[in-house]
Amino acid sequence: MHSTTSAPRLLQKMVLLTAALLLSAAFAPTVAMATTVSMGTSHGCSAADTHKITCWGSLAAPDFGPYSIKDVKVGRDFSCALLTNASVKCWGSNDLQQLGGPPVPETVARYYNADAIAVGATHACFRFVTRISCWGDGSQGQLGRHVQTQIGTETAVDGLSDVRHVAAGHGSTCVARLDGKVVCVGAGSGLAGAADDPRQPRTVPGISDALEVSLFDGHACVLRWGGKVSCWGNNRYGELGVPAGSGPLTTPVEVTGLAAAAKAVAVGNGYTCALLVNGTVSCWGNNANGQLGTGLAGGTAGQVTGITDATAISAGRTAACAVLEGGYVQCWGEGAGWNSAPCRMTTSFYPGVPATYNPPPDLAICLPQGSAAPMAVQGLGPVHDAALVLDWAEKTMPQTFAPQAAQVPAHIDGPYYLREYPGGHKLAVNGHGTPHLMYLGPESGGRLLDLGPLSQWVFQASRDAGIASGMQLQAGPYVDLMPGSGPCWEMIVPHAIRGGAQGLPDGLVTTAVRIESGGQSMEFPIRERHRFTVLTTATNWLSQQSLQPGQPVPPGMKQEPIYYGAAEGCPTIGTSGEVDVIVFYTLGQKKGLLRAKAKVGSAA
């Protein structure tokens, strides 16, 4: 299976049969869908929509018991998790009190009221509303003027106020403020004067529209309003996006030549990656370990091979990772996924990449412990979604794909999840790069047919599952026009789900919200989830009206359990008029989605 062609008959047949997928379709067990990823020096971690985490590399995740995880950040030989109860739990090395206290066998949750976390090489921070506090190593001024060595107690960092986003690196802490400015402390910030007086807060010059900031060791970058990226610091490898050797620069320079606007930026050790609005990832800078993901170690900057639907990225010392639509995680570089089969990239198929690719091992794609092109992290690949779609194909086209056992073999025929059927028909999903559904057999003349991204088939199955569930969605998106809300007007998407004939099911978990308008779309993460019993009408279950003690149920209303949620973020498409709101969810071992139309309002 190494080339592509088109077979309209089969494709049309499958498209026409998508409507046949009903509730009776067999859904394969689904693993947790990754929502975040963090890569450090020698290990990485990912948080999932189920509030569990997966870690790989030199430091495993501890048993969190009853704790539920919202986010996880990785440092050098230690990690910290943000729990859903707004506390922070750290584990790993504690030689500089980076776990938040004296050495103990295992830390407990502490630092309540956190709503975001950042982890540097040897220190950590949390944000509460618009303030931050940090702990751990302060020897380079990264904890501000009050800490000269190390401290295990959270300490407010003077000058880092009105915080929108916080980031930590080696010897530095930076924040993007609500007014769009970036302020840093620490000798590692790369700003003028930082080495002489590292504990003094310094404003990054020339930046007034920052959304996020990212740093690792030696340089830093800012994601700006409109998808611009600007960087400063060391430039030995061209990590600032300008020709190598022109640094270090203490004033940010704008990165030019990106194929599209950026929606996230990740700084590694001597290299930088940007997640673009079209779902691709571009990297530039040091590629000695294949950390640019372009397929060859030592090559030049470019697009990460085969990834077209990334939703989050992170860069570490010698490897970078991306979360893909569907909740999969893929990494590239040395130590990418710390996988036991490091050389399998040499024969991998990446949809959209010419078949003449796939260089032999002597072209340096096979690294000691990783790959110069994306590889799936074990346990965070598309195997379960592949099973979902292949099961569906067997139900909708049994005359071509005779039903088989539900389990998809893991990585047979090299890089594919594959099932073979009588008559020479084969269905497969590529394991690396953006997953696509593939066909090989008589319908395609014996040539490999790309049936499109796996996500479009999963979306169809999820949509039909939502329709068959009988659940209903109502949403009230609005734009926050409050002064001082930051460099953008945030879109807030409150939404409510009511149950079908069987009521509101237990175990329902919303995972993301998508807004579609005029052929464009944007996704926002879920910020809060609640389940309430409230008063509703036949047409309104979004308003949270409760029944007072002793009060009778008003005419035309009833009491029922409703699942409430809210998503928010900076919009990247038009925010006026009527839009489609899509809420993705998991329910036990199934995936689904609900869709509703809504008019965008505003609040001042």
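- Judged by distance alone, the side chain of E212 and the main-chain N or O of H165 form no donor-acceptor pair under 3.5 Å.
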inquiry  = Between Y328 and D385, does the side-chain hydrogen bond (donor to acceptor under 3.5 Å, both in side chains) criterion hold? Intermediate values first, please.
reply    = CA-CA 10 Å; Y328 328 122; D385 281 348; 2.6 Å; yes

task = May I have the step-by-step check of side-chain contact (heavy atoms from CB on, under 4.5 Å) for Q472 and I497, ending in yes or no?
result = CA-CA 6 Å; Q472 294 176 285; I497 299 172; over 6 Å; no

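- Salt-bridge formation is detected for the pair R514/E523: a Lys NZ or Arg NE/NH1/NH2 atom is positioned less than 4.0 Å from an Asp or Glu carboxylate oxygen.
- Closest non-hydrogen pair, C174 versus V213, comes out as O-CG1, 3.9 Å.
- Side chain of E154 to backbone of C134: no donor-acceptor contact under 3.5 angstrom is found.
- Listed here is the closest heavy atom pair of P351 and D450: CB-OD2, 3.9 Å.
- Among all heavy-atom pairs drawn from A210 and V222, the shortest one is CB-CG1, 3.4 Å.
- Once rounded to the nearest 0.5 Å, the distance linking CG of L82 with OG of S87 reads 7.5 Å.
- Counting only distance, with no hydrogens or angles, the side chain of D391 and the backbone of E394 share no donor-acceptor pair below 3.5 Å.
- Atoms NE2 and CD1, on H51 and I69 in that order, are 9.5 Å from each other to the nearest 0.5 Å.
- In this structure, Y585 and T511 have side chains that are not in contact, with every pair of non-hydrogen atoms separated by 4.5 Å or more.
- No hydrogens or angles considered: nothing links the side chains of N540 and T537 as a donor-acceptor pair under 3.5 Å.
- A donor-acceptor distance shorter than 3.5 angstrom exists from the side chain of Q456 to the backbone of L451, with no hydrogens or angles considered.
- Proximity of a side-chain donor or acceptor of Q98 to a complementary backbone N or O of S79 within less than 3.5 Å is not detected.
- Counting only heavy atoms from C-beta outward, the side chains of V183 and R177 approach each other to under 4.5 Å.
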F64 and W91: CA distance, side-chain angles, deciding distance, ring-ring contact (aromatic ring centres under 6.0 Å, His included) verdict = CA-CA 11 Å; F64 283 94; W91 67 97; 5.4 Å; yes

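- For the atom pair CG (L542) and CD (Q544), the distance works out to 7.5 Å, reported to the nearest 0.5 Å.
- In this structure, a donor-acceptor pair under 3.5 Å is absent between the side chains of H436 and N430.
- Contact of the V534 side chain with the Q545 side chain is not registered, since no non-hydrogen atoms from C-beta on lie closer than 4.5 Å.
- Side-chain contact check for K558 versus W541: every heavy-atom pair is 4.5 Å or farther apart.
- Summarising the geometry of V329 relative to C321, their closest heavy-atom pair is CG1-CB, 4.5 Å, with the distance given to 0.1 Å.
- Counting heavy atoms from C-beta outward, S469 and Q502 have side chains that stay 4.5 Å or more apart.
- Side-chain contact, E325 with T311: no donor N or O sits under 3.5 Å from an acceptor N or O.
- Side-chain contact between S208 and D179 is absent, with no heavy atoms from C-beta onward closer than 4.5 Å.
- H495 places a side-chain N or O within 3.5 Å of a backbone atom of V493 that can act as its donor or acceptor partner.
- A salt bridge is defined here as a Lys NZ or Arg NE, NH1 or NH2 lying under 4.0 Å from an Asp or Glu carboxylate O, and R595 with E516 meets this definition.
- Residues passing the side-chain hydrogen bond (donor to acceptor under 3.5 Å, both in side chains) test with D580, sequence neighbours excluded: K597.
- Put simply, the side chain of S46 never gets that close to the backbone of A34: no donor and acceptor are under 3.5 Å apart.
- In this structure, C80 and W135 approach most closely via the heavy-atom pair SG-CZ2, 4.5 Å.
- We find the CG-CG distance between L454 and L437 to be 6.5 Å, quoted to the nearest 0.5 Å.
- Annotation for G92 and L99: closest pair O-CD1, 3.4 Å, computed over non-hydrogen atoms.
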request  = Report the C-alpha separation of R164 and L211 in whole Å, then their side-chain angles, then the decisive distance to 0.1 Å, and conclude whether the side-chain contact (heavy atoms from CB on, under 4.5 Å) test is met.
outcome  = CA-CA 7 Å; R164 175 187 180 87; L211 297 176; 4.2 Å; yes

ask   = Passes side-chain contact (heavy atoms from CB on, under 4.5 Å), R529 versus V509? Steps please.
value = CA-CA 8 Å; R529 305 175 179 91; V509 178; 4.0 Å; yes

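- The main-chain N or O of T510 is found under 3.5 Å from a side-chain atom of Y563 such that the two form a donor-acceptor pair.
- For the atom pair L324 CG and I313 CD1, the distance stands at 12.0 Å (nearest 0.5 Å).
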ask   = Given the rule in the side-chain contact (heavy atoms from CB on, under 4.5 Å) test, do I562 and T536 qualify, once you have shown the distances and angles that lead to the verdict?
value = CA-CA 9 Å; I562 298 294; T536 66; 4.0 Å; yes

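- Under the ring-ring contact (aromatic ring centres under 6.0 Å, His included) criterion, Y564 pairs with F532, sequence neighbours left out.
- In summary, the side chains of T308 and T280 do not present any donor paired with an acceptor at a separation below 3.5 Å, with no hydrogens or angles considered.
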query = Could you go step by step and tell me if S133 and T155 meet the side-chain hydrogen bond (donor to acceptor under 3.5 Å, both in side chains) rule?
reply = CA-CA 5 Å; S133 294; T155 303; over 6 Å; no

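- Salt-bridge formation is not detected for the pair R527/E490: no Lys NZ or Arg NE/NH1/NH2 atom is positioned less than 4.0 Å from an Asp or Glu carboxylate oxygen.
- Side-chain N or O atoms of R463 include none that pairs as donor or acceptor with a backbone N or O of V458 at under 3.5 Å.
- Residue Q559 holds its CD atom at 9.0 Å from OG of S546, rounded to the nearest 0.5 Å.
- Listed by chain and residue number, D115 satisfy the side-chain hydrogen bond (donor to acceptor under 3.5 Å, both in side chains) test with R127 (two or more places apart in sequence, or in another chain).
- At a threshold of 4.5 Å between non-hydrogen side-chain atoms, the residues V513 and E568 do not count as touching.
- For the pair F126 and V166, the minimum side-chain heavy-atom distance is 4.5 Å or more.
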